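All remarks here apply to the structure that follows.
Everything quoted here is computed from the prediction, not taken from an experiment. All values below come from the heavy atoms of this structure, side chains included, with hydrogens, waters and symmetry mates left out.
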Amino acid sequence: MKKSIFVLLFVLGNVIAEAQVEGGSVGEVIVSGNRVVQKNDAQWIFPSETELKHSSNVYSLLGKLSLNGIRVDQSSHSLTATDNRGTVNVRINDVPATMEDMLSIDMSSVVRIEYTDRPGLRYGEDVAYAINIVVKRPQSGYAVGTDLTHDLTRRGFSDSFFGRFNTGKSEWGIDYSIGYEDMRGSKVNEKADYHLTDGSVRTIMRNDLSIRQRSLNHNMRLSYSIADSFRVLQIRMKYSGDLLPEKSLREIEIIDRSTSIAHRENSGRRHSPAFDVYYHRDFGHHQKLTASSTVTHIATKSGSAYDEGTPYVYNVKGRVWSLLSEVIYENRLKPFTLTAGAQYNQKLTDNEYAGDAQSLSLFRSSEQYLFGQVSGTLFKRLQYVAGLGGSRRYYRQGVHQHDFHVFRPRVKVSVPLSKGMRLSYDYQRSMRTSQIALVNDVAFRLNSMEMQMGNPELKPTAVTEHTLQANYNMPRLTVQLEGYAKLNHRPNMHRYIRTSDNLFIDTQENQPHCDVLVGNGYVRYDIIPDCLDATLACTYAHFDNRGNYYHHCFNSVEGTMILNAYLGNWTLMAYADTGWRWMEGEQRGKNGVEIQMVASYQHGPFSVSLYLRNPFRAHPLVHEARLMNENLQKRNIVRDGEQGNYVGLNFSFKLSHGRKYRDINRTIDLEDKDAGILK
């Protein structure tokens with residue numbers, strides 16, 4: 001088998017090399033340096049000219065870079081963590097960026113990609129990976145473009161349009177995007193065993209007969225910035241929302257003592273304006289100051305109805321106001337670099353539940369966060385980062401009031417072992433909080449046997465992380481080996497309560513611990529530089545969950561493979577992963593196998609791409625979850641025909657004139673998106 005794979009890669013490499021020569025490329029390979037440079041707190045990745053030339057946008061570029069732990073869905077313009085550790089934070093020149101920002105970047109202006117799988121003190125909660133795209137700033141001319149993605153095998157599209165106009169120190173920008181989906185292929189099969197108070201077991205199966213989910217969303221943004229070599233000021237207004245109701249209709253077959261049909265219907269409408277201001281000042285003498293502030297309002301109206309013999313109907317009218325602000329100071333001194341910052345967040349959530357789930361959920365929360373750190377080099381070899389952050393989190397809802405404090409120490413040291421090889425150790429402690437929707441007194445029915453309930457007594461979780469990592473970087477080879485431990489002390493985990501009248505309530509409580517140990521190996525090799533590269537990654541995880549009434553352990557293995565081939569103006573990409581498997585509390589889950597293929601043709605400013613997802617799989621498994629509570633055992637299997645044999649077509653073009661670049665450009669997106677509604 002190994003010989004067959006080697007022969008296949010050798011033949012494919014020769015075919016690609018011949019195609020390159022016929023297209024006028026040089027017949028020899030020149031390697032000038034490492035594509036990956038290991039820095040103190042991140043990896044600096046320098047895309048090759050071929051990777052930039054064959055990328056229509058940043059999502060396409062990130063897919064070619066094959067970053068460890070990140071799945072790039074080029075058709076939906078999304079980045080997700082394959083290991084479910086948290087979110088992916090994307091920035092342009094060190095400030096959070098939107099999808100529209102990423103689509104509008106001129107590939108010729110990209111300098112490097114800064115990637116880290118252990119974000120530091122500056123990043124907020126639940127950030128597993130951070131990507132900073134360093135680009136040059138345009139100072140003249142204009143650029144306009146569009147990115148159109150249309151589904152060929154289902155009913156949906158996502159279209160984006162942008163314009164950037166520069167003159168002197170000023171830049172005006174406008175973005176508009178629209179997306180529509182009409183999904184009908186998802187099916188959920190559920191089997192639940194309810195252990196009743198009299199000792200008997202009641203088994204109920206709920207199987208979807210039909211489902212339809214529709215949504216239409218719009219996003220529009222206007223921006224203005226003025227910049228020179230020392231300062232940047234940007235002002236931006238944004239509006240996003242669902243202008244037409246989102247409807248979800250499900251017809252469910254209930255197999256209990258007899259067979260019956262249940263119906264579930266959801267509808268919703270959301271509007272969210274946002275306004276932000278960003279300021280950056282370079283004082284010279286290696287000193288910099290960055291400040292930003294964002295105000296967001298979210299207005300939501302939604303309704304839910306479920307009839308499983310007895311109708312259950314409720315509506316939600318929600319309003320959220322939030323202020324997010326940040327100040328960062330940096331001073332690059334001779335022996336070390338000092339970085340300090342402060343964040344202040346204020347949020348008011350006023351959600352009114354009416355109908356069968358009556359409640360007034362007026363919820364106030366605020367957070368203050370201070371941090372400082374130093375980084376540098378000792379003895380010309382040992383690189384270090386040392387810092388301390390402190391958070392205060394305040395909640396108030398009715399008679400419930402909480403005030404929490406937590407310290408966030410962070411220490412990282414790394415040392416070179418040989419040419420291209422570096423060993424590092426990272427320790428950090430942070431705080432995790434539950435969603436606002438869970439930290440309230442709202443309760444509503446899920447079905448005839450189950451109810452979901454918030455818990456105002458939930459407290460934030462202290463999370464300790466240890467990472468030991470070895471990196472080996474050569475011009476054509478990148479290798480990473482990692483051991484990782486995440487220790488959650490008194491985390492928020494599900495608790496299932498059986499009442500005397502056989503109602504099963506799903507709530508959350510702070511319970512002893514939910515720990516995970518991970519081993520990861522990652523290899524990327526340029527088989528033929530600028531022609532063919534391959535990436536393999538494998539992750540082993542051990543989960544140890546101890547609740548107030550149980551102790552569960554689970555082991556899982558996940559693998560990823562990526563191939564990129566460049567044939568003249570054509571680019572071929574193949575991606576596959578086995579899906580992440582995990583256990584948290586009494587819930588064990590796994591994602592389905594994901595297969596993606598992309599064929600792109602790039603000519604000047606125009607690009608056409610054909611996306612294939614899960615080929616030859618009509619109804620792929622999307623998600624499977626098992627609940628192993630002593631009184632309730634449940635298995636949910638989700639299959640989606642919309643994601644099987646998916647074919648999508650993307651067309652994009654960017655037209656520019658008179659573009660000249662200098663320095664860097666910064667944008668910001670601190671918009672709040674959490675409406676605080678229990679779903």
Non-hydrogen side-chain atoms of Met102 and Tyr59 separated by less than 4.5 Å: yes

Under-4.0 Å salt bridge between Glu624 and Arg635: yes

Enclosure of Glu181 CD (heavy-atom neighbours >12, cutoff 6.0 Å): no

Lys187 bridged to Asp640 by N-O distance under 4.0 Å: no

Heavy-atom check, side chain of Met493 versus side chain of Cys514, under 4.5 Å: yes

Note, His218 side chain near Tyr176 side chain (heavy atom, < 4.5 Å): yes

Cation-pi check, Arg118 onto Tyr484 ring (under 6.0 Å, within 45° of axis): yes

Side-chain heavy-atom pair Arg524, Leu477 within 4.5 angstrom cut-off: no

Minimum side-chain heavy-atom gap Val647-Leu612 below 4.5 Å: yes

Any side-chain donor near an acceptor of the partner, Asp117 and Gln469, under 3.5 Å: yes

Residues Asp73 and Arg613 bridged, charged N to O under 4.0 Å: yes

Heavy atoms from other residues, nucleotides or ligands near NE2 of His551 exceed 12 (cutoff 6.0 Å): yes

Asp515 and Lys486 ion-paired at < 4.0 Å: no

Parallel, tilted or perpendicular, as decided by the 30° and 60° cut-offs, for the rings of Phe651 and Phe653: tilted

Beyond-backbone contact of Gln38 with Trp44, side-chain heavy atoms, under 4.5 angstrom: no

Beyond-backbone contact of Glu594 with Asn614, side-chain heavy atoms, under 4.5 angstrom: yes

Test applied, side-chain contact (heavy atoms from CB on, under 4.5 Å); reference residue, Tyr129; option that passes from Leu67, Ile70, Leu79: Ile70

Pair Lys654 + Asp147, salt bridge at N-O below 4.0 Å: no

For Phe157, the option from Ile178, Leu649, Leu148 that meets side-chain contact (heavy atoms from CB on, under 4.5 Å): Ile178

Ionic contact status for Arg546 with Asp544, cut-off 4.0 Å: no

Pair Lys53 + Glu51, salt bridge at N-O below 4.0 Å: no

Backbone N/O of Ser66 and side chain of Thr535: donor-acceptor pair under 3.5 Å: no

Validation row: Leu65, Arg35 side chains within 4.5 angstrom (heavy atoms): yes

Sidechain N-carboxylate O distance under 4.0 Å for Glu558, Lys590: no

